Protein chains: 2
Amino acid sequence: MSRRTSKTGTVTVPRGTGRGTAGANLLALRSHNTALVLDLLRAAGTEGISRLELAERTGLTPQAVSKITARVREQGLAAEAGRRASTGGKPRTVLRLVPEAGHAVGVRIDRDEVRTVVVDLNGTVVGERSRPLDLGAGAEDVVETVALEVEGLLGDVSGSLGHGFLESLIGVGIALPGPLDHGRGVLHRVTGFPEWDGFPLRDALARRLGLPVVVDKDTNAAALGLSVAGEGGSFAYLHLGTGLGAGLVIGGHVHRGARTGAGEFGHQVIQLDGPVCGCGDRGCIEVLCLTAVERGELGEAARVLGAGAANLVGLLDIELVLLGGRTVAAAPEVFVDGVSAMVAARARREGMPGGAVPVRVAPGGERGVAEGAAQLLLAPMFGRGDG
Amino acid sequence: MSRRTSKTGTVTVPRGTGRGTAGANLLALRSHNTALVLDLLRAAGTEGISRLELAERTGLTPQAVSKITARVREQGLAAEAGRRASTGGKPRTVLRLVPEAGHAVGVRIDRDEVRTVVVDLNGTVVGERSRPLDLGAGAEDVVETVALEVEGLLGDVSGSLGHGFLESLIGVGIALPGPLDHGRGVLHRVTGFPEWDGFPLRDALARRLGLPVVVDKDTNAAALGLSVAGEGGSFAYLHLGTGLGAGLVIGGHVHRGARTGAGEFGHQVIQLDGPVCGCGDRGCIEVLCLTAVERGELGEAARVLGAGAANLVGLLDIELVLLGGRTVAAAPEVFVDGVSAMVAARARREGMPGGAVPVRVAPGGERGVAEGAAQLLLAPMFGRGDG
DNA sequence: CCTACTTTCGCAACGCTGTTGCCGAAGTGC
DNA sequence: GCACTTCGGCAACAGCGTTGCGAAAGTAGG
């Protein structure tokens with residue numbers, strides 16, 4: 001019973017040298033449509049979805065969907081699961097993702113802690129652990145600590161799941177703060193720890209673990225996790241914790257920009273010649289917001305955050321703003337109301353049809369970043385990779 | 001000699017109902033690859049490009065490129081044009097776009113003027129005219145005026161080109177300021193002229209002219225024109241004239257957002273509780289920048305503009321900032337230097353590898369918007385449409 | 001229970017895509 | 001003049017989604 005045969009998840013798209021979008025061949029076509037179907041299967045969750053519904057949603061013919069689902073079932077990624085009620089004829093057969101067919105590890109590296117999760121294809125957490133971490137201990141020590149943590153968790157989960165769990169492993173996703181190169185998996189720097197400058201984290205961990213590794217900013221991972229969890233097509237995730245950053249999802253894809261630098265929300269200047277920020281500039285949202293929090297003026301902090309959010313909504317015309325991070329979690333209503341008010345005021349002034357963009361607290365909480373990191377590995381399989 | 005046979009340019013992609021990305025069939029595959037090849041042919045301009053180069057750039061096999069180019073040549077869209085120097089074997093045959101195979105009309109409607117151009121597939125302007133316009137004359141009068149202007153220009157060009165020019169016409173692109181719905185071609189409102197609220201400009205003009213019509217914001221049209229002209233993959237076009245707006249190009253595609261609202265740059269707040277803007281908010285870039293211009297403090301205007309540009313660069317991690325509009329044209333060095341300084345300062349503080357994002361004056365000048373409007377019709381043919 | 005009807009879904013043939021193997025065409029270099 | 005290199009078309013091919021059709025599996029009515 002071969003599950004997850006070779007080509008699924010690793011789209012073999014021909015890549016042109018340098019710039020210029022890539023041409024598509026039949027393999028790419030198949031990968032694309034298969035990923036689409038898998039994505040809909042995942043979104044359907046335990047409820048499942050029928051072939052004809054898949055056909056309607058994708059625009060493919062029912063026959064094409066049948067062929068695709070047959071292949072996917074043969075690979076063990078999906079299975080039939082009951083039937084719908086009849087509407088006067090043969091009832092539709094419900095298909096469901098087989099979550100155990102694939103697993104990914106997600107790691108969140110923070111300044112003082114590392115949290116590791118294992119999720120299945122549905123994104124359900126099947127294993128979790130965490131421990132303190134000292135980023136200042138040096139790159140090699142941290143890599144070793146993280147590797148041991150991952151291996152420990154894999155051992156635990158393997159013990160409880162057994163039966164080819166290790167073979168179902170797709171890889172490890174790492175989320176951490178600070179600027180980095182997502183494409184090459186290299187950290188630019190970690191604030192306060194110059195020894196990390198330019199460290200090739202992805203390759204170091206991949207070599208040590210013998211697994212594919214993907215590295216991304218924590219806000220991007222969180223945004224990806226929220227996107228997978230079903231949070232619409234275009235939204236911004238604003239994270240307010242020790243710092244202030246954003247993850248942007250545009251059209252179902254995480255927008256990282258050419259150098260993984262997108263989402264630099266905290267140092268958006270909204271107060272020209274304002275108070276000096278840690279970055280050296282003046283009037284950044286981060287310094288205004290965080291000093292207001294320190295002074296206990298949460299309403300003012302929310303107002304400042306809301307001004308930045310309104311700027312962002314106007315620039316990108318996104319459909320939703322999600323708030324997260326420890327500071328928000330401490331007083332969710334204050335921030336949601338404050339940001340909402342600013343965004344709504346802008347919408348009212350501009351008279352956009354459809355009204356103001358909704359503002360909510362991001363579900364998932366602190367574990368969301370690690371889960372999103374795991375999704376970095378699952379994303380290509382469901383057509384959410386990069387492009 | 002049938003040029004531009006049915007399916008080219010009108011990609012018949014199956015569309016799923018509602019959300020959910022669309023599945024792709026063989027027709028979509030062919031359209032995609034054909035568009036890719038046509039885009040490269042266009043980019044190659046009069047210099048041309050060989051089949052093997054096309055294969056390298058697209059990642060397709062040489063044989064696939066041969067088939068595609070054969071089809072394209074049969075349709076009259078491309079032709080052979082000389083050969084390269086030999087490198088020890090048979091020299092490569094150079095292919096070139098046949099610009100006369102397709103034409104599009106571009107119209108820029110401004111508060112006091114309408115400017116109309118006709119461009120060929122290369123984007124070369126083959127006809128142009130303009131006349132004063134009073135937006136307050138009412139929607140129907142303006143539609144009639146624009147229609148007459150288009151028909152007049154088509155008559156002129158048809159006289160000079162003759163030979164199936166009218167058959168080569170693809171459609172008419174309209175660029176105008178103010179919020180609108182690009183997808184449905186409906187204006188939301190035109191500042192100062194309430195009678196335009198909700199006017200279905202696209203359908204009205206399409207019915208009147210009997211040609212396909214596409215409507216977009218002027219800044220988006222300008223950005224599209226710049227993108228086609230070869231200005232990189234991700235950039236922002238900032239237009240400073242009677243107002244202040246932006247057009248965003250991300251990954252070679254104009255980013256309009258869900259409601260064509262993206263690029264609302266002018267009402268980005270960068271001075272909390274600052275001076276009141278016409279929009280009702282306080283401290284918008286537009287009011288700060290334009291009042292500085294009025295006071296003759298161009299350096300300050302450039303600094304304000306630069307602060308907003310730096311915010312934008314940080315949020316989206318774009319690769320280039322282009323400046324345009326009458327105010328910029330009046331003192332280009334001041335604005336380029338001022339904005340450059342702000343963007344560079346931000347880049348230095350963040351220590352992004354690759355250095356600061358370049359800032360330049362957008363080429364093309366005032367005619368660029370109308371040319372970009374024409375590109376709205378050509379874009380789908382070259383794979384630059386929406387998605 | 002049987003028949004008629006509706007609806008789902010797979011089999012088989014098909015058209016079309018890009019791919020592969022091969023060979024002629026068109027140059028260079030000795 | 002010959003060997004070699006490189007380009008690019010012809011033909012056969014595998015694989016994609018599509019179409020036509022029929023079996024399977026229900027409901028509705030007698």
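Throughout, a chain's letter reflects where its sequence line sits, starting with A, and its residues are numbered from 1. This one's a predicted model, so the numbers in the text were calculated from it and none came from an experiment.
Along DNA chain D, the nucleotide nearest A:Thr61 and the nucleotide nearest A:Arg83 are compared for position; the residue whose nucleotide lies closer to the 5' end is A:Thr61.
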(request) Produce a footprint string for nucleotides 6-16 of chain D: one letter per nucleotide, 5' end first; B if the base is under 4.0 Å from any protein heavy atom, S if only the sugar-phosphate is, - if neither. (result) BBSBB----BB
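Taking side-chain N and O atoms only, A:Asn25 has no distance below 4.0 Å to OP1 or OP2 of C:dT17.
Counting only N and O atoms by type, the side chains of B:Arg96 and B:Thr46 include no donor and acceptor under 3.5 Å apart.
The CG atom of A:Leu60 sits 15 Å away from the P atom of C:dG10 (whole-angstrom rounding).
A heavy-atom distance below 4.5 Å is not found between the side chains of B:His255 and B:Val249.
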(message) Before you tell me yes or no, could you show the steps for B:Glu53 and B:Ser50 under side chain to side chain donor-acceptor pair (under 3.5 Å), namely the whole-Å CA-CA distance, both residues' side-chain angles and the distance that decides it to 0.1 Å?
(response) CA-CA 5 Å; B:Glu53 284 172 289; B:Ser50 75; 3.1 Å; yes
(message) Would A:Glu100 and A:Ser168 count as a side chain to side chain contact (heavy atoms under 4.5 Å, CB included) here? Give the steps.
(response) CA-CA 8 Å; A:Glu100 319 87 66; A:Ser168 76; over 6 Å; no
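Panel note: side chain B:Arg57, backbone A:Ala22; no donor-acceptor pair is recorded below 3.5 Å.
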